[in-house]
**Q** 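Questions regarding the structure given below will be posed in turn.
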There are 2 protein chains.
Amino acid sequence: MEEDAVIKAMSALAHANRLRIFRLLVVAGGAGATPGTIADSLALPAATLSFHLKELLNAGLIGQQRQGRNLIYRADYAQMGALLAYLTDNCCQGEACDQPAALSCQC
Amino acid sequence: MEEDAVIKAMSALAHANRLRIFRLLVVAGGAGATPGTIADSLALPAATLSFHLKELLNAGLIGQQRQGRNLIYRADYAQMGALLAYLTDNCCQGEACDQPAALSCQC
DNA sequence: GCATTAATTCCATAATATTCGAAATATGGA
DNA sequence: TCCATATTTCGAATATTATGGAATTAATGC
């Protein structure tokens with residue numbers, strides 16, 4: 001993952017509304033969610049939600065698929081994994097370090 | 001980790017200079033680094049570097065320790081791990097998901 | 001074609017973050 | 001005490017980002 005992409009992804013997640021949207025999609029899994037249901041869950045005006053979904057999309061953290069009148073958004077787990085990996089890459093100059101990463105999931 | 005703390009941490013990492021500073025400290029490991037050497041490595045004016053170090057400190061991602069005339073900054077690996085864990089927590093509603101996290105280190 | 005539902009784009013306003021020179025503070029040694 | 005080195009704080013200009021109502025685009029069925 002390139003530095004630019006990492007910064008885009010971090011910026012995308014550095015906002016309460018977007019973090020909540022992303023977490024909602026991470027928890028939702030393969031089924032994803034539509035803007036309508038997300039707006040209901042998080043009590044966001046449609047225009048505001050749309051702005052944030054575009055940011056997350058642009059950052060590559062989520063994907064979009066049309067299904068009739070609805071759009072379905074889904075978390076991009078590969079991108080999330082790449083982001084996490086970037087932070088720890090080359091940690092401690094490769095020396096052994098033994099604090100557990102404590103990831104609750106292997107998505 | 002609380003949502004507020006996650007947002008602070010993400011905001012801190014959502015900037016090229018801070019991401020570079022943090023990565024430098026992650027790679028440096030327990031030895032850490034002083035503002036002087038960081039400024040040299042990244043070609044940053046002292047005032048600018050200081051501003052960013054304060055942000056990272058405030059976000060809990062790094063620690064500070066005085067040693068004579070120098071300050072030593074170090075990555076906080078526990079906080080980094082907690083941040084990574086927050087993103088994946090409750091992923092896919094707990095269903096099995098098998099894409100590897102691809103973390104290169106267990107700090 | 002027209003009405004209906006779903007979602008996005010436009011736009012003006014408001015709020016927040018970034019930069020870095022110059023001045024201030026802290027430490028240790030002569 | 002006084003000087004040199006290390007680092008931070010101040011401050012003011014600049015740039016970026018977020019909000020949400022109203023208008024617009026897209027898809028479906030009658």
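Letters go in sequence order (proteins before strands), and every chain restarts at 1.
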**Q** Round to a whole Å and report the spacing from NZ of Lys54(A) to C1' of dT9(C).
**A** 7 Å
**Q** Whole angstroms only, please: what is the CG-C1' distance between Leu53(A) and dT9(C)?
**A** 14 Å
**Q** Do any pairs count as a salt bridge (charged side-chain N to carboxylate O under 4.0 Å, His left out) and have a residue in residues 55-78 of chain B, sequence neighbours left out, and if so which ones?
**A** none
**Q** Check the distance between dT18(C)'s P and His52(B)'s NE2 and give it to me in whole angstrom.
**A** 7 Å
**Q** Take atom CG of Leu71(B) and atom C1' of dG28(C), then tell me their distance rounded to the nearest Å.
**A** 14 Å
**Q** For Arg66(B) and dA26(C), give me the distance from atom CZ to atom P, rounded to whole Å.
**A** 9 Å
**Q** List every contact pair, protein side and nucleotides 22-25 of chain C side both N or O, where the distance is under 3.5 Å.
**A**
none

**Q** Could I get the full list of side chain to side chain contact (heavy atoms under 4.5 Å, CB included) partners for Ala9(B), not counting sequence neighbours?
**A** Met1(B), Leu61(B), Leu83(B)
**Q** For Arg20(A), enumerate each residue passing the salt bridge (Lys or Arg N to Asp or Glu O under 4.0 Å) test, keeping only those at least two apart in sequence or located in another chain.
**A** Glu3(B)
**Q** Roughly, in whole Å, what's the span from CD1 in Ile62(A) to C1' in dT8(C)?
**A** 14 Å
**Q** In residues 9-26 of chain B, what residues come within less than 4.0 Å of DNA chain C, judged by heavy atoms?
**A** His15(B), Asn17(B), Arg18(B)
**Q** Sort me out a list of protein N/O and nucleotides 11-16 of chain C N/O pairs below 3.5 Å, or just none if empty.
**A**
none

**Q** Quick one: does any side-chain atom of Arg23(B) pair with a main-chain N or O of Asp89(A) as donor and acceptor, under 3.5 Å?
**A** yes
**Q** Can you work out whether Pro35(A) or Pro45(B) has the more 5'-proximal nearest nucleotide on DNA chain C?
**A** Pro35(A)
**Q** Any protein N or O atoms within reach of nucleotides 2-5 of chain C? Criterion: under 3.5 Å, listing atom names and distances.
**A**
residue	atom	partner	partner atom	Å
dT4(C)	O2	Arg69(A)	NH1	2.9

**Q** Give the minimum heavy-atom separation between His52(A) and Ile21(A), together with the two atoms involved.
**A** CB-CD1, 3.7 Å
**Q** What integer distance in Å separates Asp40(A):CG from dA6(C):C1'?
**A** 12 Å
**Q** Scan for ring-ring contact (aromatic ring centres under 6.0 Å, His included) pairs involving residues 21-51 of chain B, sequence neighbours excluded, and state none if there are none.
**A** none
**Q** What is the 5' to 3' range of DNA chain D, first to last nucleotide, that sits under 4.0 Å from any heavy atom of chain A?
**A** dA18(D) to dT28(D)
**Q** If the condition is side chain to side chain contact (heavy atoms under 4.5 Å, CB included), which residues does Thr37(A) pass it with, not counting sequence neighbours?
**A** Ala33(A), Thr34(A)
**Q** Between Lys8(B) and Asn58(B), is there a side-chain heavy-atom distance shorter than 4.5 Å?
**A** yes
**Q** Side-chain heavy atoms nearer than 4.5 Å, only ILVMFWY residues, links allowed to pass through others: does that put Ile72(A) and Leu25(A) together?
**A** no
**Q** Please list, chain by chain and in numerical order, all residues satisfying side chain to side chain contact (heavy atoms under 4.5 Å, CB included) with Ser50(A), sequence neighbours excluded.
**A** none
**Q** Find out if a path of hydrophobic residues (ILVMFWY) with successive side-chain heavy-atom gaps under 4.5 Å connects Val27(B) to Leu13(B).
**A** no
**Q** For Tyr86(A) and Glu2(A), indicate whether the former's side chain and the latter's backbone hold a donor-acceptor pair under 3.5 Å.
**A** no
**Q** Keeping Arg18(B) on the side-chain end and Ala12(B) on the backbone end, is there a donor-acceptor pair under 3.5 Å?
**A** yes
**Q** Output all residues satisfying side chain to side chain contact (heavy atoms under 4.5 Å, CB included) with Ala28(B), sequence neighbours left out; order by chain, then residue number.
**A** none
**Q** Are Leu84(A) and Thr88(B) side-chain neighbours, meaning at least one heavy-atom pair lies under 4.5 Å?
**A** yes
**Q** Taking Tyr77(B) for the side chain and Val26(B) for the main chain, is one N or O donor matched with an acceptor at less than 3.5 Å?
**A** yes
